[in-house]
Each structure stands twice: as C-alpha cells, then as structure tokens.
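Structure record follows, encoded as structure tokens.
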Amino acid sequence: MFNFSTEQLISVLFTIPCVLISLTFHEFAHGWVAYKLGDPTARNMGRLTLNPLKHIDPIGALCMVFFRFGWAKPVPINMRHFKNPRVGMAVSAAAGPIANLILALVSALIYIPLHVHLVGQTTDVVYLYGMIQGAPTSLNLKIALLTIVGTLHILNVSLALFNLIPINPLDGSRIAHIFLPPKAYFWLINNERYIMIGLFVLLWTGILSTPLSFAVDFVSGGMLKLINLIPFIG
C-alpha cells in the first residue's frame, strides 16, 4: 500500500491540473491541424475540444503524474482525407509535441520573472526540478503558483520529447513514416502492442526514463537560459 507524505500529496495535487492542461492541448493540436488539412474526423467525433474529459487516458495520465511521461487517448485521424496522406499524417502528429513546446515556453516566460520576484535571482533547471519534485515549504499563494507554473513547464517538455520517440503509437512514429519504407512502417503498426509493452518495460527499469530525463534537462535548461537573455525578464 502506498504511503504518501503530506508534501508528496500536495505535489501530486499541483501536478494533476498541469497534466490535464498538457495532455488536452496536445490532443487538441492534433485534431485542429488535421482539420485544417482537410480531415474532419476529430471534429465529427467530438474530439476537437479543450474539454479534458474527451482526451484523458487514465493510465497515461497517472504515468504523467508519477513518472513525468505519459499519453492521452489518441485523436482519430483519417489520412485518406489528406491531399498527401504521408505528409498530412506527419504534420498532424508533429502538432502535438509542438503545442507542448509552446506551452513550455509560455510557462517559462511566466516562471522566470515570478522566480526573480520571489527569490531574488534568476533560475536554472536544477532549481526548477527541486521546486517541482517536492511540495512548497508553505501554502503561500505565490509559491504555489511558482510550483504549478514550473511543473507545467517540465511536464510539457517531457510530453513533447516522449512523444517524439519514433515508435508506435507515439507521434514520432507518424513523423518517421515520411522517411521509412512502407514495409517497415506497416511492420511497426502491426506490432504496436508488443512495442508498447517493451516501452513500458524500458520506462519501468529506467533504461529509457534516465536518458529522457537528461534530454528534458537539456531542453528545459536551454529554453530557460535563452529566456534569461531577454531584457527585463532574466
């Protein structure tokens, strides 16, 4: 039976809304771009919405809360509606990670000046991880806001990078479709279930989560350093 401390419970409570926002915008971006490219499937099935209940996969959301990597219910896309099916599918797939990177950038633009106001110095990725992995020392509204914005930033970087892995059913596999021979691509589609099991094993053992965490550190740190160069922000 899980035994959570008060700090861990508070941290989970702060993480849940960030997960809902991140996954919802990710899936909405898929559907919106596909619709703009000529595929009305997501709209017709009620998935072209910012309502989290339409997109959340319970297991994927829990993985996001506790492991920082996860997924939502895939938005249905019918590539036959695209003028160029392979390109249309790849662009629609890329829309999700791009939406997450935009959210990560926006949250970082909020996080840095708020951090400077509260702490009196600019932030870096190490301090950011320290803020989101433990609960704040008090329930001060500003500290809570700082923690939530920092969590939103990290989760969106994590979700973007995780989904860019080129294996099914992640978005990276749809993007890779442009570069893979048809036989290789359809082999990946046909073996999607087994590949996903392997992905779980790699995440659970840390074989995949460890390099992903380093990648998240790198991208987040680079993003924060660039924003720190902007006058009146850093």
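All values reported here derive from a predicted model rather than from experimental measurement. All values below were derived from every heavy atom in this structure, side-chain atoms included, with hydrogens, water molecules and symmetry-related copies excluded.
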When you group the ILVMFWY residues by side-chain heavy-atom contacts below 4.5 Å and let the links chain together, are [Y] and [X] in the same group?
X      : Y      : result
Leu50  : Val75  : yes
Leu103 : Leu101 : no
Leu164 : Val216 : no

Nearest non-hydrogen partners of [X] and [Y], listed with the distance:
X      : Y      : value
Ile178 : Val87  : CD1-CA, 4.5 Å
Pro97  : Ala160 : O-CB, 3.6 Å
Phe179 : Arg86  : N-NH2, 4.2 Å
Gly60  : Asp57  : N-OD1, 2.9 Å

Can you tell me how far the [atom1] atom of [X] sits from the [atom2] atom of [Y], to the nearest 0.5 Å?
X      : Y      : atom1 : atom2 : result
Thr41  : Leu48  : OG1   : CG    : 11.0 Å
Ile77  : Asp39  : CD1   : CG    : 6.5 Å
Leu152 : Asn156 : CG    : CG    : 5.0 Å
Ile227 : His153 : CD1   : NE2   : 7.0 Å
Phe28  : Asn51  : CZ    : CG    : 12.0 Å
Ile165 : Ile175 : CD1   : CD1   : 12.0 Å

Problem - Validation row: Lys73, Ile56 side chains within 4.5 angstrom (heavy atoms) - result: no
Problem - ring pair (Phe, Tyr, Trp, His ring centres under 6.0 Å) involving His26 - partner list, sequence neighbours excluded - result: His30
Exercise for the section: Step through the shown structure and confirm whether more than 12 heavy atoms of other residues, nucleotides or ligands are within 6.0 Å of OH on Tyr35. Expected result: no
Exercise for the section: Taking atom CD1 of Ile16 as the centre, report whether more than 12 heavy atoms of other residues, nucleotides or ligands fall under 6.0 Å from it. Expected result: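 Counting neighbours around CD1 of Ile16, more than 12 heavy atoms of other residues, nucleotides or ligands fall under 6.0 Å, so yes.
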Sidechain-backbone polar pair: [X] side chain, [Y] backbone, donor-acceptor under 3.5 Å:
X      : Y      : answer
Glu27  : His55  : no
Arg174 : Ala93  : no
Arg47  : Pro74  : yes
Ser220 : Asp217 : no
Asn163 : Leu159 : yes

Practice task
Could you pull out all residues at least two apart from Val33 that satisfy side-chain contact (heavy atoms from CB on, under 4.5 Å)?
Solution key: Leu37, Val91, Ser92, Ala95
Handout entry: Val149 and its side-chain contact (heavy atoms from CB on, under 4.5 Å) partner, picked from Ile112, Leu109, Ile110
Key =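 Checked Ile112, Leu109, Ile110 against Val149; only one passes side-chain contact (heavy atoms from CB on, under 4.5 Å): Ile110.
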Handout entry: By side-chain hydrogen bond (donor to acceptor under 3.5 Å, both in side chains) - contacts of Ser173 (at least two apart)
Key = Asn168
Handout entry: Residue pair Phe162, Leu170: steps toward the side-chain contact (heavy atoms from CB on, under 4.5 Å) verdict
Key = CA-CA 8 Å; Phe162 178 70; Leu170 302 178; 3.7 Å; yes
